[in-house]
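Since the structure comes first, as structure tokens, the remarks are kept for the end.
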2 protein chains.
Amino acid sequence: MRPAAADIDELDIRLVEILQKDSSTPSVKIAGMLRVTEGTVRNRVNKLRRLGVIRRFTISIDPMAMGQGAIAFVLLNAAPGRTAEVAKRLAALDVVAEVHETHTYGDLLLKVRARGPSDLADIVASRIKTVPGVAGTQVITVLNAWKDGA
Amino acid sequence: MRPAAADIDELDIRLVEILQKDSSTPSVKIAGMLRVTEGTVRNRVNKLRRLGVIRRFTISIDPMAMGQGAIAFVLLNAAPGRTAEVAKRLAALDVVAEVHETHTYGDLLLKVRARGPSDLADIVASRIKTVPGVAGTQVITVLNAWKDGA
DNA sequence: CCTGAAACACTAAAGGC
DNA sequence: GCCTTTAGTGTTTCAGG
């Protein structure tokens with residue numbers, strides 16, 4: 001059930017934008033903004049949830065405050081033919097926020113979150129490099145996050 | 001008003017975890033899980049919002065379904081002494097999801113979202129390279145996102 | 001912490017494109 | 001036929017005691 005872009009119209013997009021800004025906005029208020037009734041808003045939200053466009057209602061937190069202040073990106077090489085296997089295992093780690101397959105500098109690009117620089121070094125050494133099929137790593141340490149998708 | 005990690009206790013952390021999974025969970029239900037009263041839950045939530053630990057209530061969407069299927073990372077060099085200025089201007093662009101300051105490959109690492117590969121090329125050429133102070137760019141195209149913090 | 005009032009969410013059923 | 005609306009019912013939130 002992959003959601004096609006055709007299934008969502010202009011109203012859905014505006015609805016999603018409102019919910020991204022503040023998902024605690026009451027249905028009635030959203031209804032007023034979009035010039036439809038409250039029932040329509042909730043019907044649409046249910047539809048978007050069914051289609052998987054809206055994955056879940058959540059909160060955006062400050063990583064600093066939660067003791068997750070350090071970020072690093074890891075450029076990683078996998079053993080030939082084992083990229084998918086390695087990607088899946090890395091994705092299962094909670095410290096690994098993102099796993100992207102690429103072909104520019106290595107095979108995978110990871111985003112790693114940790115408490116601090118020393119914690120970060122430990123994670124790379126003992127949890128990432130130890131994954132079977134990992135051939136090599138290059139760490140890009142983040143000094144300052146100007147904009148972050150937390 | 002930078003929130004110190006000392007201000008949040010075990011209860012806050014569990015509360016945040018519940019809200020990350022589903023922020024539409026009613027206060028009463030959360031109260032039951034945490035063995036506290038409903039008032040306590042809402043007081044805590046308000047406190048965490050005030051401290052900036054909880055930035056906002058939002059939704060997690062499927063980027064594919066919203067016509068944002070393409071991702072690229074851009075390694076960027078800024079003109080000497082202009083890194084902060086460039087970072088701020090890039091952070092203001094809606095297509096730029098993340099801006100990180102680094103010192104490994106260039107000065108900034110960006111995460112860019114777009115509809116497709118051609119759209120991506122256009123964004124880099126006409127919206128990122130044109131920012132004053134940008135000296136050079138290296139684009140890492142993502143072929144497949146195994147895990148993404150959308 | 002408890003209570004009551006108001007706002008809000010949800011269900012089912014009818015109407016319009 | 002599908003989407004939207006409407007009306008009625010139940011739940012949650014929130015202020016004052």
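FYI, side chains are in, hydrogens and waters are out, and symmetry mates aren't considered; it's all heavy atoms of this structure. In what follows, chains carry the letters A, B, and so on, assigned in the order in which the sequence lines appear, proteins first and then strands, with residues in each chain numbered from 1.
Protein atom CD1 of A:I30 is 17 Å distant from nucleotide atom C1' of D:dT4, rounded to whole Å. Here D:dT4 presents its C1' atom at 12 Å from CD of A:E38, a figure rounded to the nearest Å. The CD1-C1' distance, from A:I8 to D:dC3, rounds to 17 Å in whole Å. Taking atom NZ of B:K29 as the reference point, atom C1' of D:dT13 lies 17 Å away to the nearest angstrom. If you measure from atom NZ of A:K47 to atom P of D:dC2, you get 13 Å, rounded to the nearest angstrom. Look at CG on B:N43: it is 11 Å from P on D:dA15, rounded to the nearest Å.
Residue-level contact check: A:G39 touches the bases, meaning some heavy atom is under 4.0 Å from a base atom.
Under a 3.5 Å cut-off, the side chain of A:K147 and the backbone N or O of B:L93 do form a donor-acceptor pair. When atom types are taken as modelled, the side chain of B:T58 and the backbone of A:I59 share no donor-acceptor pair closer than 3.5 angstrom. Judged by distance alone, with hydrogens and angles left aside, the side-chain atoms of B:D12 form a donor-acceptor pair with the main-chain N or O of B:D9 at under 3.5 Å.
Nearer the 5' end of DNA chain C, as judged by each residue's closest nucleotide, is the contact made by A:V28, out of A:V28 and A:N46.
For the pair A:S27 and C:dC8, the criterion of a side-chain N or O lying under 4.0 Å from OP1 or OP2 is not met. The side chain of B:R42 contributes no N or O atom lying less than 4.0 Å from OP1 or OP2 of D:dT13. Phosphate contact (OP1/OP2 of D:dT5, side-chain N/O of A:T37, threshold under 4.0 Å): present.
Considering only side-chain atoms of A:R44, the nucleotide from D:dT5, C:dC8, D:dC3 that sits closest is D:dC3.
The side-chain heavy atoms of A:V142 and B:L109, taken from C-beta on, include no pair separated by under 4.5 Å.
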